[in-house]
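Taking it in order: structure first as structure tokens, then the write-up.
Read the numbers this way: they start at 1 and go in the same order the structure lists the ligands and their atoms.
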Amino acid sequence: MALIEIRDLVKKFDRQVVLDGINLDVVEGEVKVVMGTSGCGKSTLLRCINRLVEPSSGTIHFRGQDITGHGVDVRALRQSIGFVFQQFALYRHLTVLDNVTLALRKLRGMSRAEAEEKALHELARLDMADHRDKYPAQTSGGQKQRAALARALAMDPAVVVLDEPTSALDPVMSREVAQLIDRLHRENVTMLCVTHDLLLAGSIADRVTFLDKGVIRAEDTIAHLSKHHPDEQVRAFFGCEENAR
Ligand SMILES: Nc1ncnc2c1ncn2[C@@H]1O[C@H](COP(=O)(O)OP(=O)(O)OP(=O)(O)O)[C@@H](O)[C@H]1O
Ligand SMILES: [Mg+2]
């Protein structure tokens, strides 16, 4: 059984069909990468998984339980599914350390000392311990992204969901984030990452899932999609990587 099983997922905003029958599995220990152009529904898909968006129809099973129905403990769900948002979403008035300890204290009920010990462990794991006392405004984009990841990992989630983790970063910092995701993968952290960054996708996953206008069009290696996919638009999307090199 996959950790996350999405079946026939449909999401409409008024009459706009944003997700049009998505079927997707995330298996424990894997890094699943979903790619697609801006506005194709990537963030909406992720938001359905942790119930920030209510699906119009279809099911999402997490560890075998349907999490789209009534009576789901959304708070517990969000503790099991770590979310790293497109725009970091760190609290500006809190230091890096306090950003990481907040949920440990408020949701896990840890004492300050316990929470700080756990947070420092996660920050050190992501080479962020030296920046613990900085406010988000005093950190670089890559450091913000690592702080957001540390905050997600501190909750020991079953899966970490990443929404465009490199969209706000320059190429050097993007590569750092890619290396970090790779390392977490080797440490057996399950991740679902959506991105339109071909270099990121190519360096963290062998195969990618291509989402286009709310439908999954393909699942294959980037090399295969860029050369052999029957749809010219798909080939063009994935061919950009070669142009960039
Ligand atoms: N709350 C909402 N209300 C109405 N329409 C929405 C809402 N959220 C998203 N949409 C629409 O759904 C479509 C998909 O949006 P989404 O944010 O999922 O795209 P995306 O693939 O993440 O794009 P990007 O790569 O730019 O982040 C867009 O047309 C967007 O305008
Ligand atoms: Mg998005």
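Close contacts of ligand 1 with S43, meaning ligand atoms under 4.0 Å from a residue heavy atom, involve 17 (O), 18 (O), 20 (P), 22 (O), 27 (O). Every atom of ligand 1 with a heavy atom of G41 under 4.0 Å away is listed here by number and element: 14 (C), 18 (O), 19 (O), 20 (P), 21 (O). For ligand 1 and H196, the ligand atoms under 4.0 Å from any heavy atom of the residue are 25 (O).
Checking side-chain atoms of T221 against main-chain N and O of H224 turns up a donor-acceptor pair under 3.5 Å. Not a single donor-acceptor pair under 3.5 Å links the side chain of Q65 to the backbone N or O of F62.
For R151 and E122, the salt-bridge test fails: no basic side-chain N is under 4.0 Å from an acidic carboxylate O. Between D156 and K118 there is a salt bridge, with a side-chain nitrogen of the basic residue lying less than 4.0 Å from a carboxylate oxygen of the acidic one.
Looking at R108 and Q79, their side chains do bring a donor and an acceptor atom within 3.5 Å of each other. Under the 3.5 Å distance criterion, with hydrogens and angles disregarded, no donor-acceptor pair is assigned to the side chains of D133 and T95.
Residue G39 has at least one N or O atom closer than 3.5 Å to an N or O atom of ligand 1.
Annotation: atom 25 (O) of ligand 1 to nearest protein heavy atom, K42 NZ, 2.7 Å. Of all protein heavy atoms, the one lying nearest to atom 26 (O) of ligand 1 is S38 OG, 2.5 Å. Among protein heavy atoms, the minimum distance from atom 27 (O) of ligand 1 is reached at Q86 NE2, 3.0 Å. For atom 3 (N) of ligand 1, the closest non-hydrogen atom on the protein side is F13 CD2, 3.4 Å.
Ring geometry for Y91 versus H93: interplanar angle over 60°, hence perpendicular rather than tilted (30 to 60°).
Not one N/O/S atom of S38, from backbone or side chain, sits under 2.8 Å from the Mg ion (ligand 2).
Counting heavy atoms closer than 4.0 Å to ligand 1, residue V18 contributes side-chain atoms (C-beta onward) but none from N, CA, C or O. By the criterion of a heavy-atom distance under 4.0 Å, the side chain of E164, and not its backbone, is placed next to ligand 1.
Counting heavy atoms from C-beta outward, T37 and H196 have side chains that stay 4.5 Å or more apart.
For atom 30 (C) of ligand 1, no protein heavy-atom neighbour is found at a distance under 4.0 Å.
Checking each of D25, T68, D66, N23 against R7 for a side-chain hydrogen bond (donor to acceptor under 3.5 Å, both in side chains) leaves exactly one that passes, namely D25.
When the heavy atoms of V17, T44, L45, L19 are ranked by distance to atom 18 (O) of ligand 1, first place goes to T44.
R47 does not count as a contact of ligand 1, since none of its heavy atoms falls under 4.0 Å from the ligand.
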